[in-house]
Structures are given as C-alpha cells and as structure tokens.
Protein chains: 2
Amino acid sequence: MTSTSRRLPGNRATILDVAAAAGVSRQTVTRAMNDMPGIRQETRERVQELARELGYTPSRFAKGLVQGSRTSVGLSIPDLTNPYYPAFASSVVELATQRGWHVVMDDYGHGGATGVQSVEHLAPQVDAVIGYLGDAEGEAQAVLGRRPLVVLDQMTGSAWGRIRFDYDHAARRALDYLLAAGRRQLVYLDAGKNGLPSGPQLTTGRSADPVDRAVSTRGQAFARAAAAAEIPLTIIMSPESAAGARRATQSVLTDRPGIDAIIAFNDLMAAGALKGVADSGRTVPMDCAVMGMDGIPLGELLSPELTTLSLDLREVGRAAVELLDGLLSGAITPGGQGSELVLCHRLIVRQSA
Amino acid sequence: MTSTSRRLPGNRATILDVAAAAGVSRQTVTRAMNDMPGIRQETRERVQELARELGYTPSRFAKGLVQGSRTSVGLSIPDLTNPYYPAFASSVVELATQRGWHVVMDDYGHGGATGVQSVEHLAPQVDAVIGYLGDAEGEAQAVLGRRPLVVLDQMTGSAWGRIRFDYDHAARRALDYLLAAGRRQLVYLDAGKNGLPSGPQLTTGRSADPVDRAVSTRGQAFARAAAAAEIPLTIIMSPESAAGARRATQSVLTDRPGIDAIIAFNDLMAAGALKGVADSGRTVPMDCAVMGMDGIPLGELLSPELTTLSLDLREVGRAAVELLDGLLSGAITPGGQGSELVLCHRLIVRQSA
DNA sequence: AAACCCTTCGTGAACGTTCACGAACTCGTA
DNA sequence: TACGAGTTCGTGAACGTTCACGAAGGGTTT
C-alpha cells in the first residue's frame, strides 16, 4: 500500500509509487505511460489517471540511460542581443527540432565568459556543440573529446566541423561596387578582435602593407582587397555596438571630411554609422555611402534602407545542422570531405550605398 | 586487457573501458575524473591521460540518475526573429547560467507549432519551463505535472507562475500623452490573437462598446482606455510583421486621410508603420505620430527614433527566473503570494510621437 | 481432454555512474 | 614484533527506467 521509495527532487513520484498505488508492476506502468501494446485498456486508463494524480513524470536520466541518448546539442552564442545571432539560432533550433534533437542554449557574452568556457558549461549536458566561439581561445574540441563540435567564423582550432565565410570575396564585391559608384575615400569601421574596443585607433592599408594585428579577420580581408585595387583604406576601431559606431563615425568624419564611403563590421554598427553620418550634417548616400555586413532584417527598416553584404542566416543555420548531422552519423569525418564549408556573402543594394 | 563493454552512441567509451585500460577500478577512475581526494597523483594523471585518449566522457544520464538532477529549464519562445524575444531570452539564459541551470530552448513559431506543443516537446528533458505560450491553447501546466511552469503575457490557464503586463496602465499613459499633444484621430494597429492575420478588418471602439473578439488583449486595453477618455479609436488588423504593418498603414491612411496618430501592437510593427506613413507622403511626427510598444533597441536606430511604451526586458527575464527559482525551492507556492507578478510599461518619448 | 494461441501481466537483468564501506599496503612508533 | 594511523584502492549497492523473457489465464480447435 504505502511505498517506501524516496521521492525525486520536487517531491516527484517514481514509477514504483505509481505501480504500488495501482497494484501493478513497473512494467505495466511503463506500458501504460508509453502507449505500448499488451495491456488492457481499463488498466491503462487507471494507471494513467493515478500517474497524473501522483504527479509522476519519468526520470529523463533513467530513460536516457537505458534507451540511449536522445541527442541534445549545445548552441554557443556570444550575444543574443545582436540581431545577427537570433536569426541564426532560430534556424538551428527549428532544424534541430525537426530531427528530434534538443537544443541547450548558452549566451555567454553578457556573463563575461569566453567561447571555450561556454563549451565547458555545455559539455556535461550535450552530445555535440554548434557555436560562434570567437577566435584563438584555446581548444574547445578537446573539452568535448569524441563529441562533434561545429564552429562558425573561426580560423584556428581543431573543431571537427567548420563553417567559414569568404571575406575576401565579399570585400572585393563591396569595393568593386563602391569604386564603380565613384567612391574614393573609403573607411572600414572595425570591431576589433574579441570585440575588445581598443579605442579609435587609425591604421592605413595600402599596397601589401602588413595590417595591424588588432584588425579583425574581416578588416584584413578588406585591407587586402584595397591593396589589390591599389586604393587607400582607412581602418578605424570601435566598440561592437551601434552607439560605439555612431561615435566613431562622428569622429572620423571630423578628422577626415573628405570621406565618401563607410563600410561597417556588421549591420548593427552600420546602423550606428548611419546615425553618425546624419549627426555630421551629411546625407546618406549622397555625401557618404554606408554599407553593412550580415543582412539582418533590421537593415530594411532603417532609413535610408541599408545596403549590405548579406548572408542568408537560415542557410547558415542549415549548413551547421547538416554538417553536425553528418558528423554524428559518421557520414562526414573530422578532417575529410565536407567537414569544412565556405559560404559567400551576397551584395544587397538598397538605399544607403 | 580488452574490454568487452559496449560503446555509447558515437563510439564513446565507458568508465569500465578506462578502468580496464588503466588497470584500476571504476571508483579510481571516478576519483581521477572528478578531482576527488584519496588517489595518488601519478595514478590520477595516468587515468586522465587514458580517458582523454579513449575519448571518455561520463554519461550525463548515469551521473544525473545517481546524483540527482542538475536542474535544466525549458524556454519556449514563439519567434526568435522578433527582436523582442532574444532580449528576453538573453536575460533568462544569463541568470539561469548564474544559478548553474541549463536552458533548453525551443522556438516553436517557425515550425507552425503551438505553445502547448512546445511544452510537450520540452517536457521530457526539463525540470521546469518558462515561456510565452500564447493565449488559450489548452493546458500546458498539466503536461508538466508537478514541475513548475512560468508563463508570460497569458491570461488563461493554470500555470504555477504568471507574469502579466498592465496594458490598461500602458494604454492610459499612451493616450494621455497623445491627446495632450493634440492628436485626435487615433488608430490602433493590432496583430490579432495568436498572430493570425484576419485581414485588414475594421472595428471601432467608442463608449463601452463590446470589442471584437479577434482584437488582442493589448488592443482591448486601448479600446477601454479610449472609451474612458471618450474619444474614438479605430482598430485595424494586420499580420504581425513589419511588412504587414507597412501595408496596413498605407491602406488605412488612404481610407482615412485625417489620421494623426498610430499606435502599433509592438515596435516591429511600429517600424513598418513608420515606413507606411512615409510611403503615403506624410512625415512623422508632424503629420502623423507613431508609437510602438516593447522598447527593443531597434527603436533607437530608426529615424525618426521610435517613441514607445517600453518594457525593460532584462527585468522581465529576471522576474521570470526569480519566480521560477521561488517555485522550485518552495518559497513560492502555486496559488500563493508572489506567484503572479504584474509589470508596467514606461513611456519613452523619442522623436516619432 | 489435450493442445494450442492470444491476451495480460510480472520478474530478472542491464544501462553507467557515484556512494558507503572495507581491504590492503606503507610508514613510523611503542 | 606488534600496533596504529594514514594513504590508496576496490567491491556491493543503489539511482529509475526499459528490454527480454516467461507465467498465468481464457478461449478455441483437434
């Protein structure tokens, strides 16, 4: 009658409590709860009713232990408040759900953690990780051992899967367009590595000059493209935020009044640049063009609407999930065919450039 | 020497494989992996090295079964691509992580699922759920049994925790402001219940008229406030998107040229309304004011910058997590003190109204 | 009445880990 | 030598569930 078995945290009942209450065995309760055959309809309903009354919910641990894990994947994101990431995350969650996976989310930027720390936090709970981890922060793959890691926008490290973006292609595309439009005094508004604002410092890339180490991967691609086209490009650093970009734009337009085009690290900073140009009394795109990078929906809502190097973020998410799927199933091997994908940006011309 | 134990999915080794390889017992491997005392330093390092080589990672199921669950909470979100939700989710993830919780994320809108289906998907994997589930969709709390559910912006249902918003307060605040600014022909741009676009249908709320059932909770609050102030308010329906709001704004401005203020269901739709007003050749705010609701960062980037009824989304997240914390610890009981919170919007006056 | 099948239910075993306890060994001291 | 204390390691049990198999009972056929 009375069960002596202990309760789960939250005073939850175990399968034995239900079995005792119903006067049946564990197995019968299992059959009732999982809609398995081999049980009388009346018994099934009685057990289910009792389970509901006792607040019984099967332990995911016991279930997972015996049945083999439903795969659950970690998703490491540096900053959900940057509209770029939710669009990506949304796609990942949708496709993962389609596959019956669960997604354990970590937004590590606000807590001041690094990408590797995020993976460490996720590791005990997941079978794989997809993430934007940032560059050169130690070995995230090692933390996961044999479990697959798919990283995005990362050059270094030994992740099993890797999705990169062809910034050289994007930079050429952007510069060709701006030069054809007659722009000559170009500025690249950079966010700096690791998002660390290193102050509004100035660098110039011409010919094949080595570019400052602090310049981001994207910035370096633009520097290379500018060198190849033999035109000067001013790179200025700014915090990775709209407000920071706005201030940086104001100050660079004061220092160098002749500037007629600004390329921003991402769309969010481009939005700030738009404001900054307006602050200086100029109009976009007549006096100064502004070009973003990302292609987030925000760009269409701004005025003037943002011209940008766009990535289809749902496609990026799809690529990441499919790559992970391949790694989990063994269809793709860590170093092998398809373990590294390169995606290209598409230039979307709207009003700002 | 050779272990006969099977491998986990992904060919992962078990603790017995490591023990056999190192020539020690399970318990010694446990001690080595968890930095427990009572083991020789040399042994510890040898075991750890071997574990690394074999790609051993402890089963979270076995560990959870014996140690009791690390709590993991589900987060149900209807649409991550609406900037409102990431800001909230970011806050929840950050605070949950601080508490050592894991967050299993579900973005159910894109898959065409409902809030309850989302909870059903999450249920086997989590100890509690926080979510925007939408109104009147059946019983999500029943799915979770004894596990706490905290819902936001939901009137019906028997969730243990509930966070509501005082839309009547917000509506009064907005109308007072607009009327004081001399606005007389007001439009409420509604998103309709469940986000279902029911076509640009027109309703008028005056005196204490019963308002169309299709009108959202927010819309009804504005209708009540308008009735109390004895001014007419036109409610029009639109799909819950910037593009939809833009079209709806264009058409309503054509139908009723005298309109001098538009209040939108949320900031995203307000951004669309901004565009729609411009399309019609009018300027904001001179010819027509536009007011949003949410207070997402996007508003500051628009031009004109968006006047809005703002919610501090990090506060909302904090409220949800703390409420859940109370429910998990037993400090708050389902029907009791503190199980229902009401938060107020703050009017942020910028340029658009 | 014996043989068989079908339905309904129960019993050991196993999943991989940690906990509680005890055994073996080392070292120093009475 | 014998004893005790400390260090290092191993063995049963337990966590809650499902799987594989077998048992009991009723009905039909041979």
Side-chain angles (χ1 to χ4, degrees), chain A residues 3-47 51 54-70 124-125 127 145-147, chain B residues 3-48 50-51 54-70 123-125 127 145-146:
Chain A
S3 158
T4 58
S5 72
R6 291 184 323 187
R7 294 307 178 81
L8 273 60
N11 196 31
R12 280 160 53 191
T14 138
I15 200 174
L16 292 179
D17 296 320
V18 180
V24 297
S25 72
R26 299 167 316 201
Q27 184 61 17
T28 299
V29 177
T30 293
R31 279 190 269 254
M33 299 304 290
N34 300 1
D35 284 320
M36 302 170 78
I39 182 177
R40 208 173 359 166
Q41 185 59 23
E42 176 209 326
T43 312
R44 163 164 304 161
E45 285 165 5
R46 190 165 48 92
V47 170
L54 294 177
Y56 167 68
T57 29
S59 153
R60 66 173 178 278
F61 297 110
K63 200 168 215 166
L65 189 55
V66 60
Q67 286 188 325
S69 54
R70 308 227 108 280
Q125 197 73 355
D127 305 301
R146 296 266 142 105
R147 294 168 293 175
Chain B
S3 159
T4 58
S5 72
R6 293 183 323 185
R7 293 306 177 82
L8 273 61
N11 197 30
R12 279 159 52 192
T14 133
I15 200 173
L16 292 179
D17 296 320
V18 180
V24 298
S25 72
R26 301 166 315 199
Q27 184 61 19
T28 299
V29 177
T30 293
R31 282 189 267 254
M33 299 304 291
N34 300 1
D35 286 318
M36 301 170 78
I39 181 177
R40 208 172 359 163
Q41 185 59 22
E42 178 208 325
T43 312
R44 163 166 303 165
E45 284 166 7
R46 191 164 49 90
V47 170
Q48 286 176 343
L50 242 24
L54 293 177
Y56 167 67
T57 29
S59 154
R60 66 173 178 278
F61 298 109
K63 201 168 215 165
L65 190 54
V66 60
Q67 287 187 327
S69 56
R70 309 226 108 279
Q125 198 73 357
D127 305 302
R146 297 267 142 104

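Letters A, B, ... mirror the listed sequences (proteins, then strands); counts begin at 1.
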Rounding to an integer number of Å, can you tell me how far [X] [atom1] sits from [N] [atom2]?
X     : N      : atom1 : atom2 : result
B:L16 : C:dA14 : CG    : P     : 13 Å
A:E42 : C:dC9  : CD    : C1'   : 14 Å
A:Y56 : D:dG16 : OH    : C1'   : 8 Å
A:F61 : C:dA14 : CZ    : C1'   : 19 Å
B:D35 : C:dT18 : CG    : P     : 12 Å
B:R70 : D:dC15 : CZ    : C1'   : 17 Å
A:L65 : D:dA14 : CG    : P     : 17 Å

Item checked: Axis bend over the full length of the helix from C:dA1-D:dT30 to C:dA30-D:dT1, computed from five pairs that close each end, to 10 degrees -> 70°
Margin query: So A:K63 and A:P58, do their side chains get closer than 4.5 Å, heavy atoms only?
Written below: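 They are in side-chain contact.
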Next item on the list: Please tell me if the side chains of A:Y56 and A:I15 come closer than 4.5 Å, counting only heavy atoms from C-beta onward.
Entry: yes
Checklist line | SB check B:R70 B:D127 (cutoff 4.0 Å) | finding: no
Item checked: Minimum-distance pair of heavy atoms, taken over all atoms of B:T43 and B:V24 -> CG2-CG1, 4.4 Å
Note to self: Show the nearest heavy-atom pair for residues A:A51 and A:M33, with the distance to one decimal.
What the structure shows: CB-SD, 3.8 Å
OP1 or OP2 of [N] under 4.0 Å from side-chain N/O of [X]:
X     : N      : value
A:S59 : D:dT17 : no
A:K63 : D:dG16 : no
A:T14 : D:dT17 : yes

Checklist line | Of A:V29 and B:V66, the one whose closest DNA chain D nucleotide lies more 5' | finding: B:V66
Note to self: Can a donor-acceptor pair be found, under 3.5 Å and without considering hydrogens, that links the side chain of A:D17 to the backbone of A:T14?
What the structure shows: yes
Notebook entry, point to check: For the side chain of B:I15, counting heavy atoms from C-beta on, which of D:dT17, C:dT17, D:dT18 is nearest?
Noted result: C:dT17
Next item on the list: Please report the C-alpha distance between B:L16 and B:R26 in whole Å, then the side-chain angles of each, then the deciding distance to 0.1 Å, and finally whether the side-chain contact (heavy atoms from CB on, under 4.5 Å) criterion is met.
Entry: CA-CA 6 Å; B:L16 292 179; B:R26 301 166 315 199; 3.3 Å; yes
Checklist line | Rounded distance [0.5 Å steps], CD in A:Q27 versus CD1 in A:I39 | finding: 9.5 Å
Item checked: Atom pair CD (A:E42) and CZ (A:R46), whose distance is rounded to the nearest 0.5 Å ->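 If we round to the nearest 0.5 Å, A:E42:CD and A:R46:CZ are 6.5 Å apart.
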Note to self: Within the 4.0 Å limit for protein heavy atoms, which parts of nucleotides 4-13 of chain D are touched? Write it as a string from 5' to 3', B for base, S for sugar-phosphate only, - for none.
What the structure shows: ----SBBBBB
Note to self: Students often get this wrong, so: under 4.0 angstrom with heavy atoms, is B:M36 touching a base, only sugar-phosphate, or nothing?
What the structure shows: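 Sugar-phosphate, backbone atoms only, no base.
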